[in-house]
2 protein chains.
Amino acid sequence: MTLHQINPNVSVDCAIFSFDQGALEVLLIERHAGNSEIKDDLMALPGNLIYEDETLDEAANRVLSELTGLTNIFLEQVYTFGNPNRISKQKDLDWLRAIRASPEARVITVAYTSLVKKENFKIQPSSFAKKAVWVKVKDVPHLAFDHNEILDKALDYLKHKIYLEPLGYELLPDKFTLAQLQKLYEAILEDSFDKRNFRRKILRTEFIVKLDEKQQGVAHKPAGLYRFDKSRFHKI
Amino acid sequence: MTLHQINPNVSVDCAIFSFDQGALEVLLIERHAGNSEIKDDLMALPGNLIYEDETLDEAANRVLSELTGLTNIFLEQVYTFGNPNRISKQKDLDWLRAIRASPEARVITVAYTSLVKKENFKIQPSSFAKKAVWVKVKDVPHLAFDHNEILDKALDYLKHKIYLEPLGYELLPDKFTLAQLQKLYEAILEDSFDKRNFRRKILRTEFIVKLDEKQQGVAHKPAGLYRFDKSRFHKI
DNA sequence: TCAAAAGTGTTCAAAATACACCCATGT
DNA sequence: ACATGGGTGTATTTTGAACACTTTTGA
């Protein structure tokens, strides 16, 4: 365990999304400051200052892992926020004074995002994260710092990205129904689509292959299950 | 004239593009360190450390203006580069020692980009920019720091962006021919298009309106001139 | 037998692609 | 008169959008 020097001016924040029951969710932490009795009821995206000897990508991975236990996530950089008064709420100032060596330092933050299948990960909050919870994007409260703005930017990033790449599969179980996939697209793009057209378009790509399996135990005609064929995708 | 405090850990770099004679160009500076006799032959993107009391966007505008004289440019953030050894060439280290108060500080840099019509601006290098010159993107030499990487990222950003918005007009004179516009698209996208299809597609948009004017003094059938109609564009 | 979601085809309009010749000008 | 780039139309294919009924299952 080596000692790392902290850069007081640069942080990373992570907007990690998952998908459950037709709704997009984002991973938030409840902060707490070890000793202090300050009352902090603001939730936040997992984020913290970077070390001097790591890249931004590494910092994002480390910080996410330290606060939430999620490891080996493929994080992508979204945008950098550097408004000099992005830290101006009294609650944020109080909290920083409780946990930071240079609580008054100006901090610019680099936002990262990723998509995960939540059932593959066990959330284990630690460090200053009292809890880490999945919150439906529609239900996200007023957050710490400028984290609502960061979240919005990450959502925009997702919207653009899903046009370019078949994202969805990162968020769904390995076997999924086309209805699940469609709901996911609808959630991300905040739109709705015609079922027949959506299926035709998806199946045209040929990365989505039908399995010889069906849903079980549903009170209606069981849906066929599909999976994403990575090798076919990478051929293009 | 107020005093500004410098943040030693965060800089901005600007990749400013223009278009001339069928080729994309980028604005580079030749650095020099006032007093010293260090020999520095690396060109660089205009960039410098930020002040504590300005936003990143403001910093980008200020720095660009200080180094090249370009003002009131609409700059957009592209990406942030934070590799801990992005400053490792001997020439870069020497140069930083000559001009910076904390030459050893780790610096992460936020890249910005913009498109300009070069004939509308007079380049006036100052501060540590000995010269500022337009260099064809195809002829860009090995640059200072990780500026080649930054330039590549800015070019990628352009490519994506031109699908979403009718960029071109930022780079062409107010009156332009469709052949110029086509060459611009070809330069940015590194591709070539069929003339008739390109024209049809462009004119379908209706932001490009034909003027009652033609090219003069060319040794062939003179091309009709067009302009970009901003108001029509903003209606959509 | 009913409720609930799965699954399936056709038609129309718009957009993308491929392709070759005549025109206006300056020299 | 000729060299140079400007300007134009059609046919074909591909893609996107709109739209309604039958099927399978568990309760």
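Numbered from 1 within each chain, the chains take letters A, B, ... in sequence-line order. Only heavy atoms go into these numbers, but all of them, side chains included; no hydrogens, no water, no symmetry mates.
A donor-acceptor pair under 3.5 Å links the side-chain atoms of His234(A) to the main chain of Lys230(A), judged by distance alone. No donor-acceptor pair closer than 3.5 Å links the side chain of Ser127(A) to the backbone N or O of Ala129(A). At least one donor-acceptor pair under 3.5 Å links the side chain of Asp92(A) to the backbone N or O of Phe145(A). Within the 3.5 Å criterion, the main-chain N or O of Phe74(A) finds a donor-acceptor partner in the side chain of Ser114(A).
Of all the residues in residues 180-201 of chain A, Asp194(A), Arg196(A), Asn197(A), Arg200(A) reach under 4.0 Å from DNA chain D with at least one non-hydrogen atom. At a non-hydrogen distance threshold of 4.0 Å, Val218(B), Ala219(B), His220(B), Lys221(B), Pro222(B) from residues 206-222 of chain B come into contact with DNA chain C.
Residues Thr109(B) and Asp13(B) bring a donor and an acceptor atom of their side chains to less than 3.5 Å of each other. Checked by atom type, the side-chain pair Asp57(B)/Tyr112(B) shows a donor-acceptor distance below 3.5 Å. Side-chain contact of Asp229(A) with Ser231(A): a donor-acceptor pair under 3.5 Å is present, judged by distance alone.
The side-chain tip of Arg199(A) does not point at the ring of Tyr185(A) from less than 6.0 angstrom away and within 45° of straight on.
Residues that satisfy the side chain to side chain donor-acceptor pair (under 3.5 Å) test with Arg196(B), not counting sequence neighbours, are absent from this structure. Take Ser126(B) and apply the side-chain contact (heavy atoms from CB on, under 4.5 Å) test, not counting sequence neighbours, and it matches no residue.
Helical stems involving DNA chain C, defined as 3 or more consecutive Watson-Crick or G-U pairs under 3.5 Å, span C:1-27 with D:1-27.
Few gaps surround CG on Asn120(B); more than 12 heavy atoms of other groups in view lie less than 6.0 Å from it.
A nucleotide of DNA chain C counts as in contact with chain A when one of its atoms lies under 4.0 Å from a heavy atom; the first and last such, 5' to 3', are dA3(C) to dT10(C).
Of the charged side-chain nitrogens involved, at least one lies within less than 4.0 Å of a carboxylate oxygen, so that Glu190(B) and Lys138(B) count as a salt-bridged pair.
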